[in-house]
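Report on one structure; see the data block that follows.
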Amino acid sequence: MVKFSSRVPADGTDAVGSILKAAADPKIISFAGGLPAPELFPVAEMKAAADRAFDKRGRELMQYGAAKGLPSLREWALHHVEEKEGIKGEVENVLITTGSEQALDLVGKALVDPGDVVLVEQPTYLCAVDVFKSYGARLVSVAMDDDGMRTDALEETLKAHPEAKLLYTVPNFQNPTGRTIPLERRQKMAELAAKYDLTILEDNPYGEIRFAGQHVPAVKSFDHDGHVCYMGTFSKTLAPGFRLGWVVADKRIVDKLTVLKQSADLHTDNLAQYVTVEYLKNNDLDAHVKEISALYSRRKQLMIDGIKKYFPAAVKYTNPEGGMFLWVEVPGVDDTVAVFKECLKNNVAFVPGDPFFADQAQPGTFRLNYSNMAEEQIELGLKRLGEVLQKYVD
């Protein structure tokens, strides 16, 4: 009998994986996954970048690399966060990671001991919940409203749990709700982190994909004493399959994460790093992101229109200014998974809200993705979903 560690879920199941697998049936219109639109992947440009990378650096990109990442890519990331987010730093503050998921795992491994309190939004990114729980964290949820995490609730939670070690937040177009935290709350979060000696892990995978409203600087831009770790990624702007992300943090934190990364994978894939650097030198990433934002804006509006047209009037939903997701609340539903299963029979899928909650789930909630499904299928999928929901709402 294999004796698994306590980090492995006791029942051995992957509930979310099962949902996404079921939703992957080609007959099903799926709003479940968090996938970018593949038709906008810069395939030709990346192929040309790969050719240049091999021609210029063939032997280097096939050799072992530095654990902190390619210096030129770290320099790009530093310039990028200064220009876009107002974050100041040096190259020594940047670590390239194998996707932002690795950054989550490394921070969890570096900071969380069994029993430590980790604060999360309610609801929050489901993989963050899994990572922190795997390291034995005691997750405590902080209430949200339409403007994201409530800082009054955060302060009350910190008073009740002054021992809290880490706060995880997705301030821009949050996964799963699509909500964005306003400027004043970001400033307050940084103040509270300093006051309570709390580390904030700021995850920003979607922030550049804005199609309405005004950009808001990162929480990290208000951090004056190293309490905020900022995470970024190329997964939503270039290619998720390249698995490239980065962390910008205090040098002491970056150095610790680097040691842990060395034992995990030695370094992030060299080929992906060199190819991306060549792409960035020869292409306009901002123009590419504008194309992504324009497409997602159209698809989100189609989804909002479909919800208004086909869903019961009592249903509540978010209307994000960017990103890839919106959040639905259906009154009168006690078992969202049962609704999901009935929707599968109707050839449409979403992700039930349950796995996004660290503690008691809010019934009748689910996440919809609008980035990946072709526009002509969005209305049909919402019509099918609405037909099922009508059965549950008086």
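All values reported here derive from a predicted model rather than from experimental measurement.
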Quiz item: Under 3.5 Å, is there a donor-acceptor pair linking the side chains of Thr318 and Thr177?
Solution: no
Quiz item: What are the two closest heavy atoms between Leu382 and Tyr310, and how far apart are they?
Solution: O-CB, 3.8 Å
Exercise. Look only at the side chain of Thr124 and the backbone of Val120, and say whether a donor-acceptor pair between them is shorter than 3.5 Å.
Key: no
Quiz item: Is the shortest side-chain N to carboxylate O distance from Lys281 to Glu278 below 4.0 Å?
Solution: yes
Exercise. Kindly indicate, with the supporting measurements, whether the criterion side chain to side chain donor-acceptor pair (under 3.5 Å) is fulfilled by Glu45 and Asn282.
Key: CA-CA 9 Å; Glu45 293 85 351; Asn282 293 277; over 6 Å; no
Practice problem: Please determine if Arg185 and Asp145 form a salt bridge, counting it only when a charged side-chain N lies under 4.0 Å from a carboxylate O. | Solution: yes
Quiz item: Is a donor on one side and an acceptor on the other found under 3.5 Å between the side chain of Arg179 and the backbone of Asp147?
Solution: no
Self-check item: Side chain Glu202, main chain Val219, donor-acceptor under 3.5 Å
Solution: yes
Quiz item: Just by distance, with hydrogens left out, do Gln273 and Asp269 show a side-chain donor and acceptor under 3.5 Å apart?
Solution: no
Self-check item: N/O donor-acceptor pair under 3.5 Å between Arg367 side chain and Trp327 backbone
Solution: no
Quiz item: Measuring from Leu260:CG to Gln102:CD, what's the distance to the nearest 0.5 Å?
Solution: 10.0 Å
Quiz item: Is the centre of the Tyr230 ring less than 6.0 Å from the centre of the Trp246 ring?
Solution: no
Exercise. For the pair Asn283 (side chain) and Leu280 (backbone), establish whether a donor and an acceptor sit closer than 3.5 Å, ignoring hydrogens and angles.
Key: no
Quiz item: Are Val248 and Met231 grouped together when hydrophobic residues (ILVMFWY) are joined by side-chain heavy atoms under 4.5 angstrom apart?
Solution: no
Self-check item: Flag for Arg57-Asn270: side-chain donor and acceptor within less than 3.5 Å
Solution: no
Quiz prompt | Exercise: identify the closest heavy-atom pair between Leu344 and Ala349 | solution = CD2-CB, 3.9 Å
Practice problem: Determine whether Leu70 and Leu95 fall in the same hydrophobic cluster, where Ile, Leu, Val, Met, Phe, Trp and Tyr are linked whenever their side-chain heavy atoms lie under 4.5 Å apart. | Solution: no
Quiz item: How about Glu156 and His161: does a side-chain donor come under 3.5 Å of a side-chain acceptor?
Solution: no
Quiz item: ring pair (Phe, Tyr, Trp, His ring centres under 6.0 Å) with Tyr206: which residues, sequence neighbours excluded?
Solution: Phe325
Quiz item: Do NZ/NE/NH1/NH2 and the carboxylate oxygens of Glu184 and Arg150 come within less than 4.0 Å?
Solution: no
Practice problem: Using the ring-ring contact (aromatic ring centres under 6.0 Å, His included) rule, pick out the option among Phe242, Phe41, Trp76 that qualifies with Phe234. | Solution: Trp76
Exercise. Measure from the side-chain N and O atoms of His267 to the backbone N and O of Ala66, and report whether any donor-acceptor pair falls under 3.5 Å.
Key: no
Exercise. Report whether Met144 and Phe356 are members of the same hydrophobic cluster (ILVMFWY, side-chain heavy atoms less than 4.5 Å apart, transitive linking).
Key: no
Quiz prompt | From CA spacing to verdict: side chain to side chain contact (heavy atoms under 4.5 Å, CB included), Ile87, Glu82 | solution = CA-CA 5 Å; Ile87 297 171; Glu82 181 175 356; 5.8 Å; no
Exercise. Establish whether Ile378 and Tyr296 are linked, either directly or via other cluster members, by ILVMFWY side-chain heavy-atom contacts under 4.5 Å.
Key: yes
Quiz item: Can we say Glu379 and Lys309 salt-bridge, meaning some charged N sits less than 4.0 Å from an Asp/Glu carboxylate O?
Solution: yes
Exercise. Taking Gln174 for its side chain and Pro123 for its backbone only, find out whether a donor-acceptor pair lies under 3.5 Å.
Key: yes
Exercise. Start with the C-alpha gap between Glu329 and Val315, add the side-chain angles, then the distance that decides, and say whether side chain to side chain contact (heavy atoms under 4.5 Å, CB included) holds.
Key: CA-CA 6 Å; Glu329 300 177 6; Val315 167; over 6 Å; no
Practice problem: Could you tell me whether Glu92 atom CD has more than 12 heavy atoms of other residues or ligands within 6.0 Å of it? | Solution: yes
Quiz item: Got more than 12 heavy atoms from elsewhere within 6.0 Å of NZ, Lys109?
Solution: yes
Quiz item: By the rule that ILVMFWY residues connect when side-chain heavy atoms come within less than 4.5 angstrom, directly or transitively, which residues belong alongside Tyr64?
Solution: Leu266
Practice problem: Decide if the gap between the ring center of Phe366 and the ring center of Phe350 is smaller than 6.0 angstrom. | Solution: yes
Quiz item: How far does CD of Glu375 sit from CG of Leu380, to the nearest 0.5 angstrom?
Solution: 14.5 Å
Quiz prompt | Atom pair CG (Asp255) and CG (Asn93), whose distance is rounded to the nearest 0.5 Å | solution = 9.5 Å
Quiz item: Among Leu166, Thr199, Val131, which residue meets the side-chain contact (heavy atoms from CB on, under 4.5 Å) test with Val107?
Solution: Leu166
Self-check item: CG-OG distance between Asn204 and Ser100, expressed to the nearest 0.5 angstrom
Solution: 10.0 Å
Self-check item: Spacing of Leu198 atom CG and Leu167 atom CG [to the nearest 0.5 Å]
Solution: 5.5 Å
Exercise. List the steps, then state whether side chain to side chain contact (heavy atoms under 4.5 Å, CB included) holds for Val118 with Lys165.
Key: CA-CA 6 Å; Val118 173; Lys165 186 177 281 188; 5.7 Å; no
Quiz item: Which heavy-atom pair separates Tyr279 from Ala49 by the least distance, and what is that distance?
Solution: N-CB, 3.6 Å
Quiz prompt | Side-chain donor-acceptor contact under 3.5 Å, His215 with Asn172 | solution = no
Self-check item: Closest heavy-atom pair and its distance - Pro331, Val393
Solution: O-CG2, 3.6 Å
Quiz item: Are side-chain N/O atoms of Glu121 and Thr169 paired as donor and acceptor at under 3.5 Å?
Solution: yes
Quiz item: Between Pro42 and Leu238, which heavy-atom pair has the shortest distance, and what is it?
Solution: CD-O, 3.8 Å
Exercise. Please test Tyr370 against Leu295 for side chain to side chain contact (heavy atoms under 4.5 Å, CB included), starting from the C-alpha separation and ending with a verdict.
Key: CA-CA 10 Å; Tyr370 48 78; Leu295 178 65; over 6 Å; no
Quiz prompt | Interatomic distance, Glu83 atom CD to Asp286 atom CG [nearest 0.5 angstrom] | solution = 6.5 Å
Quiz prompt | Counterpart residues, side-chain contact (heavy atoms from CB on, under 4.5 Å), relative to Val216 (two or more places apart) | solution = Leu183, Arg186, Arg210
Quiz item: Salt bridge check: are Glu342 and Lys345 linked by an N-O gap of less than 4.0 Å?
Solution: no
Quiz prompt | Presence of salt bridge, Lys220 and Asp223, under 4.0 angstrom | solution = yes
Practice problem: Quick one: closest heavy-atom pair of His227 and Ala193, and the distance? | Solution: CD2-O, 3.5 Å
Quiz item: For Pro217, does its backbone N or O pair with a side-chain atom of Ser221 as donor and acceptor, under 3.5 Å?
Solution: no
Self-check item: Side-chain donor/acceptor of Thr276 to backbone N/O of Ala272, under 3.5 Å
Solution: yes
Quiz item: Any chain of hydrophobic side-chain contacts (each under 4.5 Å) joining Leu106 to Ile200?
Solution: no
Exercise. Ignoring hydrogens and angles, tell me if any N or O in the side chain of Asn346 forms a donor-acceptor pair with the backbone of Leu385 under 3.5 Å.
Key: no
Practice problem: State whether a side-chain donor-acceptor pair under 3.5 Å links Lys300 with Ser371. | Solution: no
Exercise. Quickly, which of Thr97, Thr268, Asp105 forms a side-chain hydrogen bond (donor to acceptor under 3.5 Å, both in side chains) with Lys261? Name it, please.
Key: Thr268
Quiz item: Are Glu155 and Lys195 within salt-bridge range, i.e. N to O under 4.0 Å?
Solution: yes
